[in-house]
*Asks:* 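Structure below; questions to follow.
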Amino acid sequence: MENWKIRNFYAGKENVPCPLTDDLISHGYRQKSGGYIKYAKECKVDNPTQYWHLIESWSKQRKDDAQFNKRIQCGELIFGWQKFQTQWIMMN
């Protein structure tokens with residue numbers, strides 16, 4: 001799926017509750033350092049959300065036609081991608 005589709009789908013959904021993801025993160029299931037955590041610190045973001053991770057850290061740093069697929073190595077982003085795919089299918 002192309003990056004622009006992800007951005008369009010999530011536009012305006014920054015504050016939509018994500019209880020499952022929030023629960024996983026609150027129990028320590030998140031990257032400890034490097035990658036998006038390092039980038040969040042550089043941006044002075046203390047507690048990056050799944051939305052921030054996907055949109056600010058991944059999407060906005062890629063070209064519009066960048067592919068978001070199973071080659072992504074980050075488990076958190078893959079989890080987000082699966083949620084996106086399910087929602088996309090339900091809407092179309």
Side-chain angles (χ1 to χ4, degrees):
M1 180 165 298
E2 294 88 1
N3 180 24
W4 67 269
K5 290 180 183 177
I6 291 172
R7 271 201 315 268
N8 285 350
F9 180 81
Y10 281 105
K13 296 178 180 166
E14 182 173 357
N15 296 313
V16 171
C18 300
L20 180 56
T21 303
D22 293 342
D23 189 45
L24 289 168
I25 289 171
S26 71
H27 286 90
Y29 293 98
R30 80 166 352 157
Q31 190 171 325
K32 303 295 181 206
S33 62
Y36 85 97
I37 297 295
K38 179 181 176 189
Y39 182 62
K41 288 179 182 178
E42 291 170 3
C43 295
K44 299 186 182 351
V45 174
D46 294 327
N47 190 24
T49 63
Q50 182 71 20
Y51 179 91
W52 190 93
H53 183 186
L54 178 62
I55 301 301
E56 300 297 328
S57 180
W58 187 85
S59 180
K60 288 187 178 178
Q61 295 187 62
R62 304 294 185 292
K63 294 181 180 181
D64 284 348
D65 63 348
Q67 293 295 305
F68 189 89
N69 54 38
K70 293 181 181 178
R71 289 190 205 182
I72 302 293
Q73 295 297 307
C74 178
E76 290 175 83
L77 284 183
I78 291 170
F79 183 68
W81 176 78
Q82 289 172 335
K83 288 191 303 186
F84 170 77
Q85 290 283 48
T86 301
Q87 291 170 342
W88 184 268
I89 290 167
M90 291 172 62
M91 291 178 62
N92 293 301

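All of these numbers come straight from a predicted model, not from anything done at the bench.
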*Asks:* Going by side chain to side chain donor-acceptor pair (under 3.5 Å), name the residues that satisfy it together with Asn15, two or more places apart in sequence or in a different chain.
*Replies:*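 With neighbours one apart ignored, the set is empty.
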*Asks:* Could you tell me whether the side chain of Trp52 reaches within less than 4.5 Å of the side chain of Cys43, counting heavy atoms only?
*Replies:*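 Yes, at least one pair of side-chain atoms sits under 4.5 Å.
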*Asks:* Measuring from atom CD of Gln61 to atom OH of Tyr36, what distance do you get when rounded to the nearest 0.5 angstrom?
*Replies:*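 Gln61 atom CD to Tyr36 atom OH measures 13.5 Å (nearest 0.5 Å).
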*Asks:* Output all residues satisfying salt bridge (charged side-chain N to carboxylate O under 4.0 Å, His left out) with Arg7, sequence neighbours left out; order by chain, then residue number.
*Replies:*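 Scan of Arg7 (salt bridge (charged side-chain N to carboxylate O under 4.0 Å, His left out), adjacent residues dropped) gives Asp64.
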*Asks:* Considering only residues two or more places apart or on different chains, which pairs with a residue in residues 31-52 satisfy salt bridge (Lys or Arg N to Asp or Glu O under 4.0 Å)?
*Replies:*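 Of all non-adjacent pairs touching residues 31-52, none passes salt bridge (Lys or Arg N to Asp or Glu O under 4.0 Å).
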*Asks:* Partners of Lys60 by salt bridge (charged side-chain N to carboxylate O under 4.0 Å, His left out), sequence neighbours excluded?
*Replies:*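 Counting only residues at least two positions away or on another chain, Lys60 forms a salt bridge (charged side-chain N to carboxylate O under 4.0 Å, His left out) with Glu56.
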*Asks:* Please tell me whether Trp4 and Trp58 are part of a single hydrophobic cluster in this structure, the criterion being side-chain heavy atoms less than 4.5 Å apart.
*Replies:*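 The answer is no; the residues belong to distinct hydrophobic clusters.
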*Asks:* Quick one: list whatever passes salt bridge (charged side-chain N to carboxylate O under 4.0 Å, His left out) with Glu2, sequence neighbours left out.
*Replies:*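 So Glu2 forms a salt bridge (charged side-chain N to carboxylate O under 4.0 Å, His left out) with Lys5.
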*Asks:* So do the side chains of Pro48 and Ile37 get within less than 4.5 Å of each other, counting heavy atoms only?
*Replies:*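 Yes, at least one pair of side-chain atoms sits under 4.5 Å.
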